[in-house]
Amino acid sequence: MVIRVCVVGAGPSGMSTLGMFKELHNQGYQCQVTCYEKQETPGGLWNLSWRTGTDSTGESVHCSMYRDLFSNGPKECLEFPEYTFLEHFGKDIPSYPPRAVLYDYLKGYWKRQGVKNEDILFRHVVRNVEYNENTGVFSVSVCNLVTEDTFVEEFDRLIVASGHFSVPNVPEFEGIETFTGRVLHSHDFRNSREFVGQRVVLVGSSYSAEDISLQLYKFGAEKLTISYRTNKMGFPWPDKIKEVELLTRIEGNTCYFKDGTSGEYDAIILCTGYKHSLPFMPKELRLLNDNQFNITNVYRNIQWYGMTEGKKDAGGRLFYLAMQDQEYSFTMFTLQAKWAVSVIKGLLIVPDRELCVKEANRMYKDNENIDDPIKEVDAQTAYVKQIAGDLNYTANTDCSQLFREWLSYKYADILTYRD
């Protein structure tokens with residue numbers, strides 16, 4: 001019995017999936033794996049591109065990273081237990097490396113797993129997926145972006161690892177069309193040097209607003225105003241950075257905020273997050289746009305069961321990777337990949353559907369209690385341990401104390417926490 005498996009995306013999750021199929025090649029059911037990736041190299045978001053909008057083939061640019069980006073979390077929380085930074089670089093490196101260093105580390109890990117470029121069909125984008133409930137087969141329509149040819153392949157299992165940080169969530173603000181400066185989403189932010197001497201509003205109160213405001217400050221922006229919807233970040237900002245309530249309207253170059261303040265600005269950067277965008281998936285099998293720590297319709301935040309109104313089951317044959325909100329990243333993605341591959345190969349047996357649905361609903365309800373940064377860390381630590389437990393994975397994955405220290409350093413001095 002050979003199981004035909006389709007993997008959508010060759011970012012960190014997709015590459016880890018390919019690696020796990022290689023690691024477990026001689027165990028369980030045999031699998032024939034095909035991976036489609038619309039970019040020309042692996043890495044997903046880690047492929048820095050100068051382009052914004054569309055790429056050379058007319059596809060939307062996937063990259064949301066920017067020049068001079070450094071890790072905003074300690075590398076020790078990203079490290080694969082079986083492949084350390086020390087092993088990769090042969091020496092100790094700082095805890096907050098730049099993007100290029102992290103990307104090099106990822107490529108080293110994928111090489112160690114035996115994943116090669118030949119394992120991936122680059123410049124191939126999945127356009128449409130259909131699922132036949134009677135046969136349990138997925139028909140996947142794919143476009144070769146080089147030849148512009150479209151073809152359909154059939155698969156027995158589908159793993160969606162296309163990410164959810166590449167399609168911007170762009171809110172509307174009264175009068176924004178009258179703004180005399182530049183408006184962009186953080187997805188299209190590439191270089192802080194463009195904003196030297198400028199007055200900038202950043203709308204949002206999460207990692208993008210935090211990091212981009214610090215970048216702009218260090219590169220010489222004149223004034224930075226962070227506009228939040230619900231809660232301010234509350235860091236000890238330098239004098240040039242302040243937090244105000246939500247932007248309400250714009251007239252020319254004047255921005256007005258909910259707290260009654262206003263000011264003149266040269267640019268607005270929307271750090272307003274991203275949408276789960278899976279246009280190739282049928283609606284009844286598509287994840288909801290729901291960036292929470294536990295997502296609905298899936299068991300273990302991985303295996304689709306389609307419990308909510310308008311959704312359908314896929315008999316346990318559909319998997320989504322790295323689709324929830326994240327404190328953990330590389331290690332969690334890899335464990336999720338190993339979990340999905342182990343289920344597909346018959347090495348991990350999940351409970352029956354009724355129990356999977358019950359557990360998925362319980363975890364989704366737990367989101368109500370995850371309402372501060374420490375609870376977010378603790379909840380995802382417990383989740384990662386749960387996945388590791390399913391797999392009998394014994395390496396230490398608990399980074400909760402490191403995350404706590406990281407948070408304390410940020411609230412002590414947001415400018416020097418990386419030092």
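- Between Glu82 and Arg112, none of the side-chain N atoms (NZ, or NE/NH1/NH2) sits under 4.0 Å from a carboxylate O, so this pair counts as no salt bridge.
- In this structure, the side chains of Lys38 and Ser162 stay at 4.5 Å or more apart for every pair of heavy atoms.
- A heavy-atom distance below 4.5 Å is not found between the side chains of Arg182 and Gln198.
- Contacts of Phe280 classified as ring pair (Phe, Tyr, Trp, His ring centres under 6.0 Å), with partners at least two apart in sequence or in another chain: none.
- Residues Trp46 and Phe330 place their aromatic rings such that the two centres sit under 6.0 Å apart.
- Here Phe257 pairs with nothing under the ring pair (Phe, Tyr, Trp, His ring centres under 6.0 Å) rule; sequence neighbours left out.
- By the 4.5 Å heavy-atom criterion applied to side chains, Phe21 and Ile344 are counted as neighbours.
- Sorted by first and then second residue, the ring pair (Phe, Tyr, Trp, His ring centres under 6.0 Å) pairs involving residues 99-120 (not counting sequence neighbours) are Phe80-Tyr105, Phe80-Tyr109, Tyr83-Tyr105, Phe85-Tyr105, His88-Tyr105.
- Residues Gln326 and Phe165 form a side-chain contact, since some pair of their non-hydrogen atoms from C-beta on lies under 4.5 Å apart.
- At a threshold of 4.5 Å between non-hydrogen side-chain atoms, the residues Tyr364 and Gln292 count as touching.
- If you look at Phe189 and Tyr66, their ring centroids are closer than 6.0 Å.
- Remark: the Asn253 side chain and the Asp266 side chain contain no N/O donor-acceptor pair separated by less than 3.5 Å.
- Checked options Lys365, Arg300, Arg353; the residue passing with Glu359 is Arg300 (criterion: salt bridge (Lys or Arg N to Asp or Glu O under 4.0 Å)).
- The pair Arg317-Asp156 fails the salt-bridge criterion, with no side-chain N (NZ, NE, NH1 or NH2) lying under 4.0 Å from an Asp/Glu carboxylate O.
- Qualifying salt bridge (Lys or Arg N to Asp or Glu O under 4.0 Å) partners for Glu130, counting only residues two or more places apart in sequence or in other chains: none.
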May I have the list of side-chain donor-acceptor pairs in residues 172-179 shorter than 3.5 Å, sequence neighbours left out?
from	atom 1	to	atom 2	distance (Å)
Thr178	OG1	Gly175	O	2.6
Thr178	OG1	Ile250	O	3.4
Thr178	OG1	Gly252	N	3.2

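- With sequence neighbours excluded, no residue forms a side-chain hydrogen bond (donor to acceptor under 3.5 Å, both in side chains) with Thr397.
- The backbone N or O of Gly273 lies less than 3.5 Å from a partner atom in the side chain of His185, making a donor-acceptor pair.
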